[in-house]
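Only one structure is covered here, and it is reproduced in the block below.
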Amino acid sequence: MKKYLLGVIALVTAITLNSFTLKTATTRGPVLNWIYMDYPNDANKDDPSHYQLYGTDGTATLPCPGGAHRCGVQAQDDGSGQPDLTIFYTPKTKN
């Protein structure tokens, strides 16, 4: 029994610590159109707080014909009203 004591303590500790781990549920919304508020400055293009829904519900087409500077993205809503730039998204650009 003495040689199994450390193993039993490690098992009980692992179960105890695992029972207090919080699981966070991520609920993502649909893919919407987001306009980049700092156009033509590309310095904050990876910061979701610099984007706003385009139109009233984000389904309107972005007026970005192509070019060098980011003017918006088509990205999934991260569940908090901002685009999720950590997963695949489509950048939109214009000059």
Side-chain angles (χ1 to χ4, degrees):
M1 181 72 181
K2 188 176 181 180
K3 67 180 184 178
Y4 296 116
L5 183 61
L6 286 177
V8 170
I9 290 173
L11 182 64
V12 169
T13 303
I15 291 172
T16 303
L17 291 176
N18 195 23
S19 67
F20 292 108
T21 303
L22 297 176
K23 303 285 184 189
T24 57
T26 56
T27 305
R28 291 192 173 99
V31 174
L32 300 171
N33 291 313
W34 305 87
I35 192 148
Y36 181 54
M37 302 306 293
D38 293 342
Y39 172 82
N41 180 5
D42 288 340
N44 297 314
K45 68 181 181 179
D46 295 326
D47 185 356
S49 66
H50 289 265
Y51 289 87
Q52 183 178 4
L53 271 177
Y54 183 69
T56 57
D57 58 358
T59 58
T61 304
L62 284 170
C64 300
H69 299 287
R70 175 152 321 161
C71 68
V73 294
Q74 277 185 320
Q76 196 169 17
D77 187 345
D78 68 357
S80 68
Q82 293 182 336
D84 189 350
L85 302 178
T86 61
I87 58 174
F88 180 77
Y89 62 91
T90 305
K92 300 292 185 175
T93 58
K94 71 178 180 180
N95 287 335

inquiry  = Going by side-chain hydrogen bond (donor to acceptor under 3.5 Å, both in side chains), name the pairs with one or both residues in residues 86-95, residues two or more places apart or in two chains.
reply    = D84-T86
Could you state whether [X] and [Y] fall into the same hydrophobic cluster, counting links through intermediate Ile, Leu, Val, Met, Phe, Trp or Tyr residues with side-chain heavy atoms under 4.5 angstrom apart?
| X | Y | answer |
| --- | --- | --- |
| L85 | L32 | yes |
| L53 | V73 | yes |
| L62 | M37 | yes |

Within the distance-only criterion (no hydrogens, no angle test), does the side chain of [X] pair as donor or acceptor with the backbone N or O of [Y] below 3.5 angstrom?
| X | Y | value |
| --- | --- | --- |
| D42 | R70 | yes |
| Q76 | G29 | yes |
| N33 | A60 | yes |

request  = Kindly give the heavy-atom pair with the smallest separation between C64 and G72, and that separation in Å.
outcome  =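 Of all heavy-atom pairs spanning C64 and G72, the closest is SG-N, 4.3 Å.
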Minimal non-hydrogen separation, P48 against P83, with atom names = CB-O, 3.5 Å
key: ring pair (Phe, Tyr, Trp, His ring centres under 6.0 Å) pairs, two or more places apart, involving residues 48-67   =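 Every ring pair (Phe, Tyr, Trp, His ring centres under 6.0 Å) pair that includes a residue of residues 48-67, provided the two are not neighbours, is Y36-Y51.
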query = With clusters built from Ile, Leu, Val, Met, Phe, Trp and Tyr whose side-chain heavy atoms come within less than 4.5 Å, directly or transitively, what are the remaining members of the cluster of L11, listed by chain and number?
reply =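 L11 shares its hydrophobic cluster with I15.
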ask   = In this structure, are over 12 heavy atoms from other groups packed under 6.0 Å from I87 atom CD1?
value =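 Yes - once you tally the heavy atoms of other residues, nucleotides and ligands closer than 6.0 Å, there are more than 12.
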